[in-house]
Amino acid sequence: MSEQELKALRVRIDSLDEKILELISDRARCAQEVARVKMASLSEGETPVFYRPEREAQVLKRVMERNPGPLGNEEMARLFREIMSSCLALEQPLKVAYLGPEGTFTQAAALKHFGHAVISKPMAAIDEVFREVAAGAVNFGVVPVENSTEGAVNHTLDSFLEHDMVICGEVELRIHHHLLVGENTKTDSISRIYSHAQSLAQCRKWLDAHYPNVERVAVSSNAEAAKRVKGEWNSAAIAGDMAAGLYGLTRLAEKIEDRPDNSTRFLMIGNQEVPPTGDDKTSIIVSMSNKPGALHELLVPFHENGIDLTRIETRPSRSGKWTYVFFIDFVGHHRDPLIKAVLEKISQEAVALKVLGSYPKAVL
Ligand SMILES: O=C(O)C(=O)C[C@]1(C(=O)O)C=C[C@@H](O)C=C1
């Protein structure tokens, strides 16, 4: 390519950037107007709701449907995700608590869902995320709920039994684990590998094959594991890219998870109900009386009405020995007439039924 051609293309890019700049600023001013309208239409004592997950899901879907390329749909949606995040921050900067410390996959999930313009607050435990939201110290919380290799995150399920929370969104993250070492690590003398118990489990076969005699130490998070390695010459950590970058570690082995499709699903929790988008999911907790056929009775209304169950999990109810609650996720919104009727039917048979929330299916 000649110098001349390159120059002409760069002039074109400069002019396009100016247009993009103008358009983004126009959009941001529009968001400010939206905030003004929301404030003006409040009734006495009402608090404004600036963050609208149902609208955000629609915006991102529309972008994906109309994307002419050559950028991929996910990439384009990611760019718009960030534009919307900045526009919302003009209306109201969102505060989001997540299972920390900094560098965890949960932080990556929070940023994927809300964008980078949020004020994010790391918490030391899942229960603390719930408490922070309940106390009103943050607008939303982000917690892991299930992993495709290791199953349910029980701390999260149990926290739902103790707190009244509304689920307002979900996000899925592909989880890649690396074996990380520090500058001073003697890589041929590694005697200890730190990670979160779930991550150790997700890499079990790889560890058995490559480090069968090395001690595996479970710590509170992958980021914590990465932090520890910095000061120890004989240890390594299993963690992801964010933690590696944050603590300046290098990858001794990449993508060591046993299953290449290893993914974790995270939930956004808050106090705000989300209206239907037409492509939603609902999560409920149900407890049934301890009698034969109880689970069958619970599932029949879903089957009879053709409702797609996406998950069912059992946990001890914590209110009696050998009594259980079921966590159920299904496709649909609790305001849909069909879902309403099914929930009505179930509540007639159930000891207790609680709708944890209806929320847009993950777009990104
Ligand atoms: O449509 C709204 O209610 C807005 O506030 C605008 C907007 C956007 O930038 O598109 C910003 C934040 C909301 O979460 C959803 C959408």
Side-chain angles (χ1 to χ4, degrees), residues 17 19-43 45-68 71 73-98 106-121 129 132-133 136-143 165-173 266-282 333 335 357-364:
D17 283 350
K19 283 189 192 141
I20 294 170
L21 203 57
E22 237 169 71
L23 289 173
I24 292 178
S25 303
D26 240 359
R27 194 190 191 286
R29 278 188 290 271
C30 239
Q32 283 178 317
E33 275 300 290
V34 169
R36 192 187 56 72
V37 172
K38 284 177 184 168
M39 290 297 284
S41 55
L42 289 181
S43 353
E46 231 187 332
T47 44
V49 180
F50 294 111
Y51 174 61
R52 302 295 294 268
E54 77 287 6
R55 172 65 185 155
E56 296 207 347
Q58 279 162 358
V59 170
L60 295 179
K61 272 201 177 152
R62 211 173 115 91
V63 162
M64 289 168 115
E65 278 160 17
R66 291 169 182 236
N67 175 29
L71 289 180
N73 283 353
E74 286 245 337
E75 191 55 34
M76 196 57 118
R78 216 175 46 77
L79 292 174
F80 275 81
R81 159 70 288 153
E82 290 303 332
I83 293 174
M84 246 191 317
S85 180
S86 300
C87 287
L88 175 63
L90 279 180
E91 295 186 43
Q92 173 206 34
L94 274 192
K95 286 193 210 125
V96 176
Y98 63 92
T106 313
Q107 185 185 21
L111 297 177
K112 184 176 178 188
H113 188 81
F114 290 106
H116 284 67
V118 293
I119 301 163
S120 58
K121 192 170 175 190
V129 177
E132 199 72 355
V133 179
V138 292
N139 305 95
F140 295 98
V142 184
V143 288
M165 262 320 126
V166 180
I167 301 175
C168 58
E170 62 166 4
V171 69
E172 208 180 292
L173 210 63
F266 298 84
L267 294 176
M268 317 299 136
I269 54 171
N271 304 302
Q272 180 182 325
E273 270 226 20
V274 186
T277 65
D279 194 11
D280 304 292
K281 261 164 129 177
T282 297
H333 194 285
R335 288 195 207 156
S358 294
Y359 45 90
K361 268 194 213 167
V363 179
L364 278 177

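We count ligands from 1, going down the list as the structure has it; atoms in each ligand are counted the same way.
- Here the heavy atom of the protein found nearest to atom 16 (C) of ligand 1 is Arg55 CG, 3.8 Å.
- Nearest to atom 15 (C) of ligand 1 among the protein's heavy atoms is Glu56 CG, 3.6 Å.
- Atoms of ligand 1 lying under 4.0 Å from any heavy atom of Val34, numbered from 1 in the order shown and given with element: 2 (C), 3 (O), 4 (C), 5 (O).
- Heavy atoms of Arg52 found under 4.0 angstrom from ligand 1 belong to the backbone as well as the side chain.
- Interface of Leu88 with ligand 1, defined as ligand atoms under 4.0 Å from a residue heavy atom, comprises 12 (C).
- Distance CG/Leu90 to CZ/Arg27: 10.5 Å, rounded to 0.5 Å.
- From Glu65, atom CD reaches atom CG of Asn73 across 9.0 Å, with rounding to the nearest 0.5 Å.
- What sits closest to atom 6 (C) of ligand 1 on the protein, heavy atoms only, is Glu91 OE2, 3.6 Å.
- Between His113 and Tyr51, the ring planes are perpendicular. Angles over 60° get that label, and only those under 30° would be called parallel.
- For atom 3 (O) of ligand 1, the closest non-hydrogen atom on the protein side is Lys38 NZ, 2.8 Å.
- Residue-ligand proximity, Cys87 to ligand 1, at heavy-atom distances under 4.0 Å covers atoms 9 (O).
- Using a 4.0 Å cut-off to heavy atoms of Tyr51, the atoms of ligand 1 that qualify are 14 (O).
- Annotation for Lys38: atom NZ counts as buried by contact number, over 12 foreign heavy atoms lying within 6.0 Å.
- Ring centers of Phe266 and Tyr98: at least 6.0 Å apart, outside the cut-off.
- From the protein, the heavy atom lying nearest to atom 9 (O) of ligand 1 is Arg27 NH1, 2.8 Å.
- Dense packing is recorded around CZ of Arg335, with more than 12 heavy atoms of other residues, nucleotides or ligands lying under 6.0 Å away.
- The atoms of ligand 1 that sit less than 4.0 Å from any heavy atom of Phe50 are 5 (O), 13 (C), 14 (O).
- Here CD of Gln58 is found 11.0 Å from CD of Glu56. Values are rounded to the nearest 0.5 Å.
- Side chains of Ser25 and Glu22: no donor on one and acceptor on the other come within 3.5 Å.
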